[in-house]
Amino acid sequence: MDFMEAVKGRRSIRKYNPDPVPEDVLEKVLEAIRWAPSWANTQCAEVIVVKDPKVKSELASTLSKGNPAFSALTDAPIVLVLCGKKGVSGFYKGQVATVKGDWLMFDTGMAMQNLCLTAHTFGLGTVVIGLFDHKKAEEILGVAQNIEVVAMTPLGYRATEGTAPKRKEIPEFVFYEKYPAK
Ligand SMILES: Cc1cc2nc3c(=O)[nH]c(=O)nc-3n(C[C@H](O)[C@H](O)[C@H](O)COP(=O)(O)O)c2cc1C
């Protein structure tokens, strides 16, 4: 698949069939996370691979009411939970290096994008899920104090095609040389 085809063709998939994901394909997706860029190559991103139906439904119960990704978490054979190690990304010699503080959200976001695009090239669906009770998910997964759960995604074969929500036109968000005066 051509790269732009992958970028434009990837959709958020919220309906899955239960077919298992081959282990070698899962490995490819994890490898793509491994090669994501990170602050000073600090690699704060970590992943929890969840296949246990009980844990998947516990994770689904953390979703905020009305989240359209609810059933995706139990239907898909795998849920990947993206976590970030705190106090690493965006730090230099233990001190925050920029006004942005901890860059773990950014680095895990880059890892998530690698994950989603790679999964798409292997015919697998994903949907980034950010609207849930993070503290509850951290308890369910037993993550250490210095680790934050950031986002999760089901991983599996889609039961339906997603349709592309409309995007802004390039002139609506690209400016040249300086931000336009009001
Ligand atoms: C940070 C982030 C959080 C998101 N959280 C959710 C979510 O909780 N539930 C959901 O169904 N979709 C969620 N999405 C998916 C977006 O709704 C989706 O990416 C957007 O509508 C564009 O559609 P597309 O991914 O098919 O291009 C999230 C996406 C991002 C990037």
Side-chain angles (χ1 to χ4, degrees), residues 1-38 45-84 104-134 136-137 140-141 148-174:
M1 188 185 293
D2 165 68
F3 186 71
M4 277 311 278
E5 198 188 320
V7 168
K8 292 173 84 169
R10 178 216 54 82
R11 288 278 71 72
S12 289
I13 303 299
R14 299 181 178 88
K15 298 220 179 306
Y16 291 83
N17 71 48
D19 294 348
V21 174
E23 278 302 308
D24 62 317
V25 176
L26 173 61
E27 286 298 318
K28 295 273 187 344
V29 171
L30 300 177
E31 186 71 9
I33 296 172
R34 179 176 174 230
W35 285 99
S38 64
E46 297 185 339
V47 193
I48 303 173
V49 180
V50 180
K51 295 182 182 177
D52 183 339
K54 183 170 171 285
V55 182
K56 286 194 292 161
S57 67
E58 283 172 4
L59 288 174
S61 77
T62 71
L63 263 58
S64 309
K65 202 168 175 285
N67 193 322
F70 181 79
S71 58
L73 283 179
T74 46
D75 292 348
I78 298 177
V79 174
L80 297 178
V81 183
L82 257 284
C83 308
L104 75 83
M105 296 291 285
F106 194 91
D107 285 7
T108 50
M110 301 203 85
M112 182 64 98
Q113 179 72 328
N114 271 20
L115 183 175
C116 294
L117 286 175
T118 304
H120 177 61
T121 65
F122 284 98
L124 290 165
T126 56
V127 53
V128 180
I129 302 176
L131 185 61
F132 62 96
D133 183 334
H134 289 76
K136 214 166 139 192
I140 291 165
L141 297 164
E148 259 184 45
V149 165
V150 175
M152 52 190 166
T153 176
L155 181 73
Y157 294 97
R158 71 201 104 197
T160 53
E161 296 294 319
T163 47
K166 201 175 171 318
R167 289 327 206 238
K168 288 180 184 174
E169 296 299 332
I170 287 176
E172 292 179 81
F173 67 94
V174 178

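All residue numbers refer to positions in the sequence shown, counting from 1.
Distance CE/Met152 to CG/Leu59: 5.0 Å, rounded to 0.5 Å. Residue Leu155 holds its CG atom at 5.0 Å from CG of Leu124, rounded to the nearest 0.5 Å. The distance from atom OG of Ser38 to atom CG of Asp107, rounded to the nearest 0.5 Å, is 5.5 Å. Of the inter-residue distances, the one linking Ile140 atom CD1 with Ser61 atom OG reads 5.0 Å to the nearest 0.5 angstrom. Considering CD1 of Ile129 and CG of Asn67, their distance stands at 6.0 Å, rounded to 0.5 Å. Distance check: Arg11 CZ to Thr160 OG1 gives 12.5 Å after rounding to the nearest 0.5 Å.
Using a 4.0 Å cut-off between a side-chain N of Lys or Arg and a carboxylate O of Asp or Glu, Glu31 and Arg34 qualify as a salt bridge.
Between Val50 and Leu80 there is no side-chain heavy-atom pair separated by less than 4.5 Å. Leu115 is listed as a side-chain neighbour of Val29, based on a closest heavy-atom distance under 4.5 Å. The shortest distance between side-chain heavy atoms of Leu82 and Thr153 does not fall below 4.5 Å.
Listed for the Ser57 side chain is a donor-acceptor partner under 3.5 Å among the backbone atoms of Lys54. Although no hydrogens or angles enter the test, the distance criterion places no donor-acceptor pair under 3.5 Å between the side chain of Asp133 and the main chain of Thr62. Looking at Lys56, its side chain never comes within 3.5 Å of a backbone N or O of Pro154 through a donor-acceptor pair. A donor-acceptor pair under 3.5 Å links the side-chain atoms of Tyr16 to the main chain of Thr126, judged by distance alone.
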Pair His134, Phe132 - check ring-ring contact (aromatic ring centres under 6.0 Å, His included), show working. CA-CA 6 Å; His134 289 76; Phe132 62 96; 3.9 Å; yes
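By the 6.0 Å contact criterion, OH on Tyr157 is enclosed, its count of non-hydrogen atoms from other residues, nucleotides or ligands being greater than 12.
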